[in-house]
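To start, the structure itself, in structure tokens.
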Amino acid sequence: MASKSKISRTRNIGVVAHIDAGKTTVTERILYYTGKSYKMGEVHDGQAVMDWMPQEQERGITITSAVTTCVWRNHDIHVIDTPGHVDFTIEVERSLRVLDGAVVVFCAVGGVEPQSETVWHQADKYGVPKVAFINKMDRVGADYFSVIKTMRKRFTSVPVPIQIPAGAEDNFRGVIDLINQRMIVWNDSTSGMDLVFEEIPAEFAEQATSERDKMVETLAEVDDGLADKYLSGEEITVPEIEAALRKATISLKIVPVLCGAALRNKGIQPILDAVINYLPSPEDIPPVRGINPVTREEEIRQCSDKEPFSALAFKIMIDEGRKLTYLRIYSGKVQVNDEIYNSIKKKKEKIARLLRMHANKRERIESASAGDIIAVLGLKTTTTGDTLCREEKPIMLELIEFYEPVISQAIEAKTPADQEKLSIALDKLIEEDPTLKVKYEEETAQTIISGMGELHLEIIVDRLMREFNCHVNVGRPRVVYRETIQKKAEAEGIFEKELGDKKHFGHVKLSLMPRKRGSGIAIVNKISDGVIPPEYYEIIEEGIREATMNGVLNGYPVMDVEIAVTGGSFREGESSAQGYKIAASAAFRDGCNLAEPVMLEPMMMVDIITPSEFMGDVIGDINARKGEIQSVDPKGTVSEIKAKVPLKALFGYSTDLRSSTQGRAIFSMIFAEYNKA
């Protein structure tokens with residue numbers, strides 16, 4: 001029974017928010033009050049524990065998600081402090097996938113800012129329950145109820161204040177706990193470590209009663225048990241309120257709202273209580289689903305130590321030259337020196353060390369079990385999104401789809417010293433970021449980096465300079481096109497030449513046919529026996545594959561063609577591998593020229609969430625960019641627009657969208673398909 005209680009006493013939470021709402025400060029206070037840190041780090045001094053990368057400290061922003069573990073009321077809380085900057089949304093996305101709950105921090109002055117909207121919708125996408133904390137109540141212009149009003153307008157889940165502030169701005173004294181009907185004040189002399197419970201002062205009594213009634217009324221709307229007692233006018237007890245709040249929070253119907261001033265050390269302990277009281281343990285969330293790679297059937301794994309081991313690698317970090325893999329364990333147990341199986345790569349891996357992370361410090365542990373978030377040393381082939389399991393009980397958890405990169409940029413080192421650093425740095429970045437691709441172009445001596453969008457490449461270049469001190473010149477972003485053919489064609493290639501004192505001969509006949517969009521290249525051998533010796537078949541295929549890398553129109557890779565090798569001829573003593581390879585390549589190029597070659601351009605599926613009042617402008621702009629609107633879905637005060645747009649029309653789109661919607665619309669884009677340019 002003990003192991004079950006360990007899982008029910010675990011919380012995996014993320015602290016998410018808009019840049020500058022005070023996320024990292026909140027996380028620092030959580031670590032201090034749970035005894036993880038002996039002093040409080042401040043972001044503005046560059047001393048925050050969680051922002052440990054030098055460029056995070058310089059800028060006072062969070063770039064990578066840091067993971068740490070702390071203990072409160074005998075519960076293990078794994079906290080991920082995520083970036084709030086729009087450029088690093090992918091980090092938030094990766095984190096939300098493995099978290100069970102989130103604390104969303106809002107600024108009492110700024111209110112619901114665009115990026116807090118983004119993370120809120122991301123959390124909704126993964127079904128992550130939330131607790132909201134309205135920070136900076138001591139700042140000039142702080143308005144608690146105005147922020148809650150905006151939250152009601154913009155989000156589907158209902159915000160329910162379980163606290164109200166006692167005073168605001170300079171007069172912010174503490175918070176009034178509506179559930180237990182008491183006032184909480186913090187002792188400044190002990191850095192907010194000691195909190196004192198007092199009677200609610202007379203000046204706030206009326207407001208507290210009316211807000212508590214509203215809270216109970218909202219809960220009664222979503223909880224039938226409570227509704228009966230409420231309607232019959234019976235007294236509702238504190239445990240009943242807490243149970244109803246927990247149920248409604250986990251089922252995403254409501255979001256409990258708290259307030260405070262993290263920098264003044266006020267309001268943090270109640271957040272920790274709320275995390276334990278209202279956010280789910282790994283047992284409270286639905287069991288994880290996956291596919292059995294052998295039977296291809298769907299399987300589920302309950303969050304329990306008794307189930308077979310399964311875990312998801314959600315982040316790779318290169319730290320002091322060693323590869324750290326972050327895992328979220330969904331079921332079963334794992335120990336140091338265990339041999340585990342990567343079901344995606346179909347390879348065995350060995351666990352050299354298990355680490356419980358505390359930002360960038362770490363503690364070695366011997367074993368970990370269901371519900372834990374840990375880091376592992378020793379995994380060689382595992383990358384982001386891979387599933388780790390037991391070989392005899394394999395499972396593949398929800399794959400992260402890594403799309404083919406659609407945008408590329410040339411970079412070149414400024415000095416020979418930078419050139420050496422560049423290749424090492426890029427290798428490390430590729431390891432951390434599976435959506436980044438790199439290739440070196442011989443003829444221009446440039447390195448081409450390709451990624452998912454302009455922003456993505458911007459960050460990579462930024463990290464090259466700051467993390468690896470590698471200075472580069474950057475070219476303009478370019479769209480990655482493809483080529484294909486539109487009709488059937490036959491072609492033959494003959495190669496006859498003396499190289500040195502040896503004759504080389506090759507003769508290959510091909511038939512080319514267009515294939516369905518997205519189906520790739522297929523090479524079929526239809527050579528009759530005795531025409532060409534079988535030992536040359538492989539080299540002929542190699543010649544064709546190499547030729548598909550450079551099309552006949554503009555040298556872009558060719559896709560969606562079936563190439564049948566139909567014949568050729570053989571000369572004793574003259575035919576050579578070299579001859580057949582060159583002949584096959586020439587035949588393919590001739591065939592393409594005869595088969596009406598055409599350029600294809602990448603089309604992106606763009607998903608825009610915009611306040612409804614800007615919907616007309618956004619749709620008009622998409623049409624002007626030759627996009628096709630796929631669907632428009634009103635969701636309360638916001639509308640979601642999905643459209644297919646050529647990538648070349650999307651350069652600079654984020655800036656245009658922000659300026660036409662007062663910075664309130666957000667968009668994400670993923671590669672959809674290649675289409676005729």
Decide yes or no on side chain to side chain contact (heavy atoms under 4.5 Å, CB included) for Phe204 and Glu211, but give the supporting numbers first.
-> CA-CA 11 Å; Phe204 297 115; Glu211 287 297 331; over 6 Å; no
Worked verdict on Thr10 versus His78 for side chain to side chain contact (heavy atoms under 4.5 Å, CB included) | CA-CA 8 Å; Thr10 299; His78 301 285; 3.7 Å; yes
Please work out which of the three classes, parallel, tilted or perpendicular, describes the rings of Trp120 and Phe106, given edges at 30° and 60°.
-> tilted
If you take all heavy atoms of Ala244 and Leu226, which pair is closest and at what distance?
-> CB-CD2, 3.7 Å
Measure from NZ or CZ of Arg328 to the centre of the six-membered ring of Tyr326, then state whether that distance is under 6.0 Å and the direction lies within 45° of the axis.
-> no
Can you see which heavy atom on Ala261 is nearest to which on Phe133, and at what distance?
-> N-CZ, 4.3 Å
Partners of Lys149 by side chain to side chain donor-acceptor pair (under 3.5 Å), sequence neighbours excluded?
-> none
How would you list, by chain and number, every residue that makes a side chain to side chain donor-acceptor pair (under 3.5 Å) with Ser331, sequence neighbours excluded?
-> Ser310
Identify, with sequence neighbours excluded, every residue that meets side-chain contact (heavy atoms from CB on, under 4.5 Å) alongside Glu242.
-> Ile179, Val238, Asn277, Tyr278
Intermediate values then yes/no, side chain to side chain contact (heavy atoms under 4.5 Å, CB included), Thr610 and Leu657 | CA-CA 9 Å; Thr610 173; Leu657 181 69; 5.9 Å; no
Thinking salt bridges, do Asp284 and Arg246 make one under a 4.0 Å N-O criterion?
-> yes
Taking all non-hydrogen atoms of both residues, which atom of Val16 and which atom of Ala102 are closest, and how far apart?
-> CG2-CB, 4.4 Å
Contact list for residues 157-169, test side-chain hydrogen bond (donor to acceptor under 3.5 Å, both in side chains), sequence neighbours left out = none
Under 6.0 Å from the six-membered ring centre of Phe197 and within 45° of its axis: does the NZ or CZ of Arg182 meet both?
-> yes
Polar contact flag, side-chain donor to acceptor under 3.5 angstrom, Ser210-Asp213 = no
Arg152, CZ atom: more than 12 neighbouring heavy atoms under 6.0 Å | yes
Residue pairs involving residues 195-208 (criterion side-chain hydrogen bond (donor to acceptor under 3.5 Å, both in side chains); sequence neighbours excluded) = none
Could you go through the salt bridge (charged side-chain N to carboxylate O under 4.0 Å, His left out) check for Lys229 and Asp223 one step at a time?
-> CA-CA 11 Å; Lys229 287 192 83 167; Asp223 188 295; over 6 Å; no
State which residues pass salt bridge (Lys or Arg N to Asp or Glu O under 4.0 Å) with Glu217; sequence neighbours excluded, sorted by chain then number.
-> none
Under 3.5 Å, is there a donor-acceptor pair linking the side chains of Ser612 and Ser639?
-> yes
Taking only residues two or more places apart in sequence or in another chain, which ones pass side-chain contact (heavy atoms from CB on, under 4.5 Å) with Val257?
-> Ala132, Ile134, Tyr144, Ile148, Met151, Pro159
Please report the shortest heavy-atom distance between Asn74 and Arg9, naming the atom on each side.
-> O-NE, 2.9 Å
Salt bridge (Lys or Arg N to Asp or Glu O under 4.0 Å) involving Asp656 - partner list, sequence neighbours excluded = Arg625
Sequence neighbours excluded, the answer for salt bridge (Lys or Arg N to Asp or Glu O under 4.0 Å) partners of Asp76 is none
Contacts of Ser304 that satisfy side-chain contact (heavy atoms from CB on, under 4.5 Å) - sequence neighbours left out | Lys306, Glu307
For the pair Arg29 (side chain) and Ala262 (backbone), establish whether a donor and an acceptor sit closer than 3.5 Å, ignoring hydrogens and angles.
-> yes
Heavy-atom closest pair (Cys107 atom, Val147 atom, distance to 0.1 Å) is O-CG2, 4.0 Å
Salt bridge (Lys or Arg N to Asp or Glu O under 4.0 Å) involving Lys642 - partner list, sequence neighbours excluded | Asp607, Glu640
Only counting residues at least two apart or in another chain, list the ones meeting side-chain contact (heavy atoms from CB on, under 4.5 Å) with Ala208.
-> Ile164, Ile176, Leu178, Ile200
Which atoms form the tightest heavy-atom contact between Ile374 and Ala368, and what is the distance?
-> CD1-CB, 3.9 Å
